[in-house]
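Accompanying notes for the structure given below.
This is a predicted model, so every value here is computed, not measured. Residue numbering restarts at 1 for every chain, and letters A, B, ... go by the order of the sequence lines.
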Number of protein chains: 2
Amino acid sequence: MSDRCLCKLISQSEIDEIKAALPNAETITRLAEFYKVFGDPSRLTLLHFLSKAELCVADLAALAGMGQSAVSHQLKLLRLSRLVKFRKEGTVVYYSLNDAHIQSLFDVALEHVMEES
Amino acid sequence: MSDRCLCKLISQSEIDEIKAALPNAETITRLAEFYKVFGDPSRLTLLHFLSKAELCVADLAALAGMGQSAVSHQLKLLRLSRLVKFRKEGTVVYYSLNDAHIQSLFDVALEHVMEES
DNA sequence: GTAATATATGAACACATATTCACATACTGG
DNA sequence: CCAGTATGTGAATATGTGTTCATATATTAC
């Protein structure tokens with residue numbers, strides 16, 4: 001056991017403050033779920049393509065070099081995360097981005113990744 | 001098979017452009033790895049606390065309600081991602097944030113999460 | 001030296017997840 | 001209705017991941 005430290009650098013009132021500022025568990029879970037969506041190269045690639053144009057499933061698969069089924073599964077996730085929207089035209093389904101924040105997220109993360117040695 | 005569509009809404013030159021704009025595979029992988037770090041409630045909680053103060057492992061564990069070992073394992077990941085730095089003082093190790101972008105990432109994602117119905 | 005404490009780490013486990021395969025569904029043209 | 005095409009989906013599989021447990025390491029006090 002070692003949860004006894006009660007770090008001397010920080011006062012009890014500071015601890016209370018920090019604890020109080022923590023978003024509630026549900027918000028944290030949702031945040032994590034949101035980030036998780038971006039934590040996969042395939043989805044990141046799909047999102048990149050969709051950030052450039054509205055595209056159908058088959059073309060997304062061709063561009064990303066993925067199987068149609070894999071793309072469809074991932075698009076389902078992206079739909080559930082409300083990151084993409086879609087439009088049906090006959091048998092073809094066109095997907096596009098549904099969120100203005102995505103580009104910002106890309107940019108901030110790119111900065112971090114690029115800064116590394 | 002169904003990678004035959006060659007979507008009529010988009011020209012070949014546009015396709016070439018979109019393909020060319022895709023970051024190389026290594027960059028995409030690194031981006032995904034970066035986001036993946038944020039895609040876990042425990043790590044998100046630890047990062048939140050560290051965004052408020054420099055804290056030792058035991059206190060992080062107490063604040064986050066996690067075991068010491070679990071915290072240590074996650075801190076290792078955060079170290080490898082260069083998101084935290086640490087400082088030893090005797091047997092105590094104090095961790096703190098190592099990246100100015102983290103707060104921006106939090107904010108953008110929170111906006112997205114909060115916008116949902 | 002020994003005891004006590006803080007942190008790190010490897011193995012094991014349970015669980016999540018990305019892809020593939022086979023097939024279902026939905027729409028179109030004839 | 002039938003054939004063809006585009007997309008969606010469930011099951012199976014392989015791989016990744018977070019926690020726990022036990023233990024190792026490191027530092028301090030005595």
Side-chain angles (χ1 to χ4, degrees), chain A residues 1-9 25 28-29 32-47 50 54-81 84-96, chain B residues 1-9 25 28-29 32-47 50 54-81 84-96:
Chain A
M1 309 295 108
S2 63
D3 28 329
R4 212 174 314 172
C5 180
L6 293 180
C7 175
K8 310 95 199 165
L9 291 181
I28 291 197
T29 302
E33 296 297 330
F34 179 69
Y35 285 121
K36 212 179 290 184
V37 177
F38 289 89
D40 177 76
S42 301
R43 281 191 296 270
L44 229 42
T45 303
L46 294 177
L47 287 172
L50 291 174
E54 185 188 48
L55 290 164
C56 71
V57 177
D59 287 353
L60 272 172
L63 282 167
M66 300 171 60
Q68 172 267 318
S69 181
V71 172
S72 201
H73 279 296
Q74 298 295 11
L75 285 172
K76 185 179 187 175
L77 273 180
L78 295 175
R79 253 184 291 139
L80 290 175
S81 311
V84 302
K85 58 179 186 286
F86 62 96
R87 172 175 72 83
K88 275 193 174 181
E89 201 170 289
T91 59
V92 183
V93 181
Y94 293 101
Y95 282 85
S96 55
Chain B
M1 308 297 105
S2 62
D3 29 329
R4 213 173 316 174
C5 179
L6 292 179
C7 174
K8 308 96 198 159
L9 291 182
I28 291 195
T29 302
E33 296 298 330
F34 179 69
Y35 285 120
K36 210 177 292 181
V37 176
F38 290 88
D40 176 76
S42 301
R43 280 190 297 270
L44 230 43
T45 303
L46 294 178
L47 286 173
L50 291 174
E54 184 188 48
L55 290 164
C56 71
V57 178
D59 287 352
L60 273 172
L63 283 167
M66 301 172 57
Q68 172 266 318
S69 181
V71 171
S72 201
H73 278 297
Q74 298 296 9
L75 285 173
K76 185 179 188 175
L77 272 180
L78 295 176
R79 255 184 290 141
L80 290 175
S81 312
V84 301
K85 57 178 185 288
F86 63 96
R87 172 176 73 82
K88 275 193 173 179
E89 202 171 289
T91 60
V92 182
V93 182
Y94 293 100
Y95 282 84
S96 55

Would you confirm whether R87(B), through its side chain, and Y94(B), through its main-chain N or O, come within 3.5 Å as a donor-acceptor pair?
no

Atom CD of E89(A) and atom P of dT28(C): how far apart are they, to the nearest Å?
10 Å

Q68(B) CD to dT9(C) C1', straight-line distance once rounded to whole Å
10 Å

Short side-chain N/O contact to dT17(C) OP1/OP2 from R43(A), under 4.0 Å
no

Given atom CG of L46(A) and atom P of dA18(C), what is their separation to the nearest angstrom?
12 Å

Are the ring of H73(B) and the base ring of dT19(D) both nearer than 5.5 Å at their centres and tilted by less than 30°?
no

Looking for any heavy atom pair under 4.0 Å, which part of the strands does K76(A) touch: base, sugar-phosphate only, or nothing?
sugar-phosphate

Here the distance between atom C1' of dT7(D) and atom CG of L55(A), to the nearest Å, is 15 Å

When you measure from the side-chain N and O atoms of Q74(A) to the phosphate of dT19(C), is any distance below 4.0 Å, counting only OP1 and OP2?
yes

Side-chain contact, heavy-atom cut-off 4.5 Å: T29(A) with L44(B)?
no

Regarding L60(B), tell me which of base, sugar-phosphate or nothing describes its non-hydrogen contacts under 4.0 Å with the strands shown.
nothing

Would you indicate which nucleotide in dT17(C), dT17(D), dA18(C) comes nearest to any side-chain atom of K36(B)?
dT17(D)

Want to settle it: does A70(A) or K88(A) sit nearer the 5' end of DNA chain C, counting the closest nucleotide to each?
A70(A)

What is the distance, rounded to the nearest whole Å, between atom OH of Y94(A) and atom P of dG8(D)?
13 Å

Describe the nucleic acid contact of Y95(A) in one word from base, sugar-phosphate, nothing, applying a heavy-atom distance below 4.0 Å.
sugar-phosphate

Hey, does the side chain of S69(A) come within less than 4.0 Å of dT7(D)'s phosphate (OP1/OP2), counting only N and O?
no

Would you mind reporting whether Q74(B) and D40(B) have side-chain heavy atoms less than 4.5 Å apart?
yes

Between dA6(D) (P) and L75(A) (CG): distance, integer Å
16 Å

Of the listed dT9(D), dA6(D), dT19(C), the closest approach to the T91(A) side chain comes from dA6(D)

Over 60° means perpendicular and under 30° means parallel, so classify the ring planes of Y95(B) and F86(B), tilted if in between.
tilted

In this structure, how many angstroms lie between the C1' atom of dA18(C) and the CG atom of L77(A), rounded?
9 Å

Is there a side-chain contact between T45(A) and L63(A) (heavy atoms, below 4.5 Å)?
no

What is the distance from CE of M66(B) to P of dT7(C), rounded to the nearest Å?
14 Å

